Amino acid sequence: MVIGAGVAGAAACERLCARGWQVTLVERHEEPAQEASGNRAGIFMPLLSRDDNIPTRLTRAAYLYALRRWHALGGMAPDGSAPILGQQCGVLQLARDAEHAALQEEVAGAWRYPEEYVRWLDAAQASALLGSATPHGAWLFPQGGWANPASVCRAMLAACGERLRRVFHAEALALERAGERWLVRSAAGAVLAEGAHVVVACGAGAMQLPQTAPLPLYTMRGQVTHLDAGTFAALPLVVCREAYMTPASGGIASVGATYDRTSDREADRTLWPSSQAENLARAREILGAGRVPDDAPLAGRVGLRCMAPDRLPLVGALPDHGAANQPERLRDVVRHPGLYGLLGYASRGLIWAPLAAELLACQLDGLASPLEATLAAALDPGRFLLKARRKTVAIAP
């Protein structure tokens, strides 16, 4: 059973069904991708760093894997003529300042990436692509671009065929262990689905389930602004710095997204004028005032990103926080039998989801990991118990 039909859950269904599993998908909405995966456009691009750290290596592997999976699902097109609505138009990541520009140039030169993966552009070259002057250089990711996450979810679920059973408009509010099986129950106690294995992939919804509530997950509110293409710069590619901007799709360009801390208003999905003003101000800083409207009708979308403190996803068997032991190694962490998580995707779920699902599918089938051991361990949901243990030891008298 998979709980949640966003990019995390849809990818899990696709990878498991491809391996012969019979899967029941439980989703509280009537359609997939209605929560954090519901934006008009998500951007896909790699992450670079001087030291090629864990987030960089994970995102590189996930980005390249996602491109292959999307091609296998039928590819993408901006006019809807392919299963995935989107475009590999390229992503231009502008340097924030002169120091950042120097770092960008250094990283691109030191690691000698293929030009189809990333190219360093000086200020003149970046300005030519941007269509307006920019004082510093940029990374250009030629294979990057934008995609509509809902269309990605639909394509992944369509690939599941008859192996997938959908239970939609049914919110999973309780997990109950019954012998060797799990029961997924609704608020009224009705059994929505049952099976030997459960994959919790419902983002912020996992914070409400007793088995996953102890995980150190939190949410950040993100507001995207929608602008009429006739009032906004006609961009040939995705542009990002403090904000990202996409080429228009269906006559609408997307600008965003804010990182607003959630509090007592975390369930508030209404559009905030202050967040729209922030998005527009950042766009003007990047493109110049003449290419961004001074004022625009309040329009856009709000989503809640589910995140972990280390900004890495949680992939794998979920720890039993009620167990009495204090593990010092991941292999000693007591796990809930048959309970797994695909959680904490933050802002990178679009590209993290396919590879994370493949990693989990390999774990379930007892196959070799598609990731090196260091990366797989960095994603293990049990890692936070080890961190808590080390912190306790460090402060002990």
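All values derive from a computational prediction rather than experimental measurement.
Transitive grouping of hydrophobic side chains (ILVMFWY, heavy atoms separated by less than 4.5 Å) keeps Val239 and Ile252 in distinct clusters. Put simply, Val292 and Val255 are part of the same group of oily side chains (I, L, V, M, F, W, Y) that touch within less than 4.5 Å, one to the next. Trp146 and Met245 sit in two unconnected hydrophobic clusters of ILVMFWY residues. Membership requires side-chain heavy atoms under 4.5 Å apart, directly or through other members. Cluster membership for Leu350 and Leu237, using ILVMFWY side-chain heavy atoms within less than 4.5 angstrom, is not shared. Both Leu359 and Val23 sit in one connected hydrophobic cluster of ILVMFWY residues. Membership requires side-chain heavy atoms under 4.5 Å apart, directly or through other members.
Counting only distance, with no hydrogens or angles, the side chain of Trp139 and the backbone of Gln104 share a donor-acceptor pair below 3.5 Å. Of the possible polar contacts, one joining the Asn148 side chain to the Arg40 backbone as a donor-acceptor pair under 3.5 Å is found. At distances below 3.5 Å, not a single donor-acceptor pair connects side-chain atoms of Glu105 with backbone N or O atoms of Ala102. Not one N or O on the side chain of Thr24 forms a donor-acceptor pair closer than 3.5 Å with the backbone of Arg165. No donor-acceptor pair under 3.5 Å is formed between the side chain of Ser254 and the backbone N or O of Thr246. Although no hydrogens or angles enter the test, the distance criterion places a donor-acceptor pair under 3.5 Å between the side chain of Arg383 and the main chain of Ala378. Listed for the Asn279 side chain is a donor-acceptor partner under 3.5 Å among the backbone atoms of Gln223. Proximity of a side-chain donor or acceptor of Glu27 to a complementary backbone N or O of Gly9 within less than 3.5 Å is not detected. Looking only at distances, no side-chain donor or acceptor of Gln143 sits under 3.5 Å from a matching main-chain atom of Tyr117. Remark: the backbone N or O of Leu47 is not paired with any side-chain donor or acceptor of Thr59 at under 3.5 angstrom.
Contact record, Leu130 with Ile286: CD2-O, 3.9 Å, taken as the closest heavy-atom pair. Between Leu235 and Pro247 the shortest heavy-atom distance is O-CB, 3.4 Å. Across all non-hydrogen atoms, the minimal contact from Leu271 to Arg301 is CD2-N, 3.6 Å. For the pair Ala172 and Val26, the tightest heavy-atom approach, listed with the atom from each and the gap, is CB-CG1, 4.2 Å. Heavy-atom minimum distance, Leu209 versus Ala174: CD2-N, 3.9 Å. Between Gly42 and Pro149, the shortest heavy-atom distance links the atoms N-CD, 3.9 Å.
Asp51 CG to Trp111 CH2: the interatomic distance, rounded to the nearest 0.5 Å, is 8.0 Å. Considering SG of Cys153 and CE of Met156, their distance stands at 4.5 Å, rounded to 0.5 Å. Rounding to the nearest 0.5 angstrom, the gap separating the CD1 atom in Ile3 from the CZ atom in Arg28 is 12.5 Å. Here the straight-line distance linking atom NE2 of His226 with atom CG of Asn39 works out to 6.5 Å at 0.5 Å rounding. How far CG of Leu94 is from NE2 of His100: 10.0 Å, rounded to the nearest 0.5 Å. The line from CG of Leu217 to SG of Cys306 is 4.5 Å long, rounded to the nearest 0.5 Å.
Using a 4.5 Å heavy-atom cutoff, the side chains of Leu73 and Pro83 are not in contact. The closest side-chain heavy-atom distance from Leu25 to Phe168 is below 4.5 Å. Residues His336 and Leu175 form no side-chain contact, since every pair of their non-hydrogen atoms from C-beta on lies 4.5 Å or further apart. Under the 4.5 Å side-chain criterion, counting only non-hydrogen atoms from C-beta, Pro32 is in contact with Leu157. Considering only heavy atoms from C-beta on, Arg19 comes within 4.5 Å of Asp365 through its side chain. Using a 4.5 Å heavy-atom cutoff, the side chains of Lys387 and Pro309 are not in contact. Considering only heavy atoms from C-beta on, Trp272 comes within 4.5 Å of Thr270 through its side chain. Contact check for Val315 versus Leu355: no side-chain heavy atoms found under the 4.5 Å cut-off.
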**Message:** Assess the residue pair Asp380 and Val333 against the criterion (side chain to side chain contact (heavy atoms under 4.5 Å, CB included)); give the C-alpha distance rounded to whole Å, side-chain angles, the decisive distance to 0.1 Å, and a yes or no.
**Reply:** CA-CA 10 Å; Asp380 192 307; Val333 173; 6.0 Å; no
**Request:** Evaluate side chain to side chain contact (heavy atoms under 4.5 Å, CB included) for Leu227 paired with Leu280, printing each intermediate quantity in order.
**Result:** CA-CA 10 Å; Leu227 295 172; Leu280 294 178; 3.9 Å; yes
**Message:** side chain to side chain contact (heavy atoms under 4.5 Å, CB included) for Leu67 and Gln88? Distances and angles first, verdict last.
**Reply:** CA-CA 10 Å; Leu67 294 183; Gln88 284 187 266; 4.0 Å; yes
**Request:** Report the C-alpha separation of Thr374 and Arg57 in whole Å, then their side-chain angles, then the decisive distance to 0.1 Å, and conclude whether the side chain to side chain contact (heavy atoms under 4.5 Å, CB included) test is met.
**Result:** CA-CA 10 Å; Thr374 303; Arg57 300 197 324 259; 3.9 Å; yes
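Counting heavy atoms of neighbouring residues, nucleotides and ligands inside a 6.0 Å radius, atom CD of Glu99 does not exceed 12 of them. Annotation for Arg177: atom CZ counts as buried by contact number, over 12 foreign heavy atoms lying within 6.0 Å.
With respect to Glu35 and Arg269, a salt bridge is recorded, a charged nitrogen being found less than 4.0 Å from a carboxylate O. For Arg181 and Glu194, the salt-bridge test passes: some basic side-chain N is under 4.0 Å from an acidic carboxylate O. Between Arg329 and Asp332, at least one side-chain N (NZ, or NE/NH1/NH2) sits under 4.0 Å from a carboxylate O, which counts as a salt bridge.
A side chain to side chain contact (heavy atoms under 4.5 Å, CB included) with Met1 is found for one member of Leu192, Val200, Val184, Val199 and no other, namely Val184. Only one option out of Arg15, Gln363, Arg69 pairs with Glu358 in a side-chain hydrogen bond (donor to acceptor under 3.5 Å, both in side chains); it is Arg15.
Using bins of under 30°, 30° to 60° and over 60° for the plane-to-plane angle, the ring pair Phe44/Tyr63 lands in the tilted bin.
For the pair Arg305 and Tyr259, the cation-pi criterion (under 6.0 Å, within 45° of the ring axis) is fulfilled.
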